[in-house]
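Here the structure comes first, spelled out in structure tokens, and everything after it is commentary.
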Amino acid sequence: MSVPQPPEPIPGARLLFSLDPAVSHLNHGSFGAVPIGVQRAQQRLRDEMEANPLRFFTQGLVDRIAHTRRHLAGFLGADPDGSALVGNTTTGVAVVLQSLGLQSGDEVLSTDHGYGAVSLAIQRECRRTGAVSRVLPIPLAASDEQLVQIIRAGLRPGRTRVLVVDQLTSATAKLFPTAAIVGVAREHGVPVLVDAAHAPGMLSTTVASIGADFWVGNLHKWAYAPRGTALLAVAPQWRDRIEPLVVSWEQESGFPARVEWQATLDYTSWLAAPAGLFTLRSLGVDRVRAHNAALAAYGQWVVADALGVPPAQLPDPGGPEVSLRLIPLPAGLAATIDAARALQARIGERLAAEVAVMSWNGRGWLRLTGQVYNTADEYERLAARLPALLAQR
Ligand SMILES: Cc1ncc(COP(=O)(O)O)c(C=O)c1O
């Protein structure tokens, strides 16, 4: 394996953000970071709302939301009229799960790479309906072919009512071959819900090319939208069955308006989301993707080297655009979620570096991201100081 080289920095990119310059922000994946121009765009919308709340909510807001949704769906390659804006991926997953009409004896199939809150949502929906949740173990090093094979063998046609898979996993930073998985599930008549929380902005794969029954992704991570902006895309055969979590005035309008209009809320994050895409496009979408993935790969290598982890033990993310990278931590560290959270907080406090520490299947992992505001020396500083911190157990 050749040593990855850091990419050319994108000049001035750090100044687009209001991030604390005293901290290395190496975990864009969890909550994103909103560029200053996007924050300003949202503030202008809030000013408009506060200048005349009645007019803001009653004169054309539903149309403005629809217009915004079409813009965002177009960028993601999703059907603009078969998609709905929702607050976040967690909400989109909940909308889908409770619209499936699960019954006793049905099964929800997912994998052990799934996001924790999504697993909790599946468990609750199963408790509510009498369905059962089954989780397929998938080895971290599984190839795309092996992964599809494991899923094919795990489907129970007639019982499996939905398969939930991630496009890019959170805890294991692994790209799943979602289009192939959807193809196999379709052969067996099993609908697929793709949790694409990290995809918008980072991955170029279009929503349409995956062909899932349901797909939901956050624009507030890698597409620079204000927090609270996600898109739920639904295949035509399901749209009439999709129910919102909260019934409000657009209920009779059907999908997507009934899902989007959730009574009195601050909808300015959605309306300002196109400013996030504007930022991404101004920097150059391909340039940003290539920069972030290369920087994450460099960060993974430099920190792994400092921890004495040989390159062969570094998980392959599975695609050239993946801007999240994992490094295994020494055995015994971050073996539980609580221990992982405590270590993450300790690294933040002691090393002025925000990272993600993951606990997956009883093993601890450091997850690093690359973003336009990061530079190679931030990973090098972490690499220089992390071994000593980890040694003080
Ligand atoms: C794979 C995955 N699914 C779901 C979520 C939840 O996203 P949100 O908190 O925006 O709903 C995340 C957040 O990091 C994630 O990584």
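Counting starts at 1 for both ligands and their atoms, in listed order. Worth saying up front: this structure is predicted, and the values here are computed from it rather than measured.
Annotation: the span from Ile122 atom CD1 to Arg124 atom CZ amounts to 12.5 Å, rounded to 0.5 Å. Atom CG in Leu295 sits 12.0 Å away from atom CD in Gln300 (nearest 0.5 Å).
For atom 16 (O) of ligand 1, the closest non-hydrogen atom on the protein side is His198 NE2, 2.8 Å.
Under the 3.5 Å distance criterion, with hydrogens and angles disregarded, a donor-acceptor pair is assigned to the side chains of Ser18 and Gln39. A donor-acceptor pair shorter than 3.5 Å cannot be found between the side chains of Ser99 and Glu243. Under the 3.5 Å distance criterion, with hydrogens and angles disregarded, no donor-acceptor pair is assigned to the side chains of Ser248 and Gln262.
Within ligand 1, counting atoms from 1 as listed, the ones closer than 4.0 Å to a heavy atom of Asn88 are 8 (P), 10 (O), 11 (O). Atoms of ligand 1 found under 4.0 Å from any heavy atom of His220, numbered from 1 in the order shown, are 10 (O). Residue contact check: Asp166 has heavy atoms under 4.0 Å from atoms 1 (C) of ligand 1. Heavy-atom contacts of Ser170 reach the following atoms of ligand 1: 1 (C), 16 (O) (cutoff under 4.0 Å).
Taking each of Asn218, Thr91, Leu219, Val118 in turn, the one with a heavy atom nearest to atom 10 (O) of ligand 1 proves to be Asn218. For atom 14 (O) of ligand 1, the nearest non-hydrogen atom from the set Lys221, His113, Arg227 belongs to Lys221.
Contact annotation for Thr90 and ligand 1: heavy atoms of both the backbone and the side chain come within less than 4.0 Å of the ligand. Only the side chain of Asp195 comes within 4.0 Å of ligand 1, judged by heavy-atom distances.
Residue Asp112 forms a side chain to side chain donor-acceptor pair (under 3.5 Å) with just one option from Thr172, Asn361, Thr169, and that option is Asn361.
With Trp360 as the aromatic partner, Arg363 does not meet the cation-pi criteria of under 6.0 angstrom to the ring centre and within 45 degrees of the ring axis.
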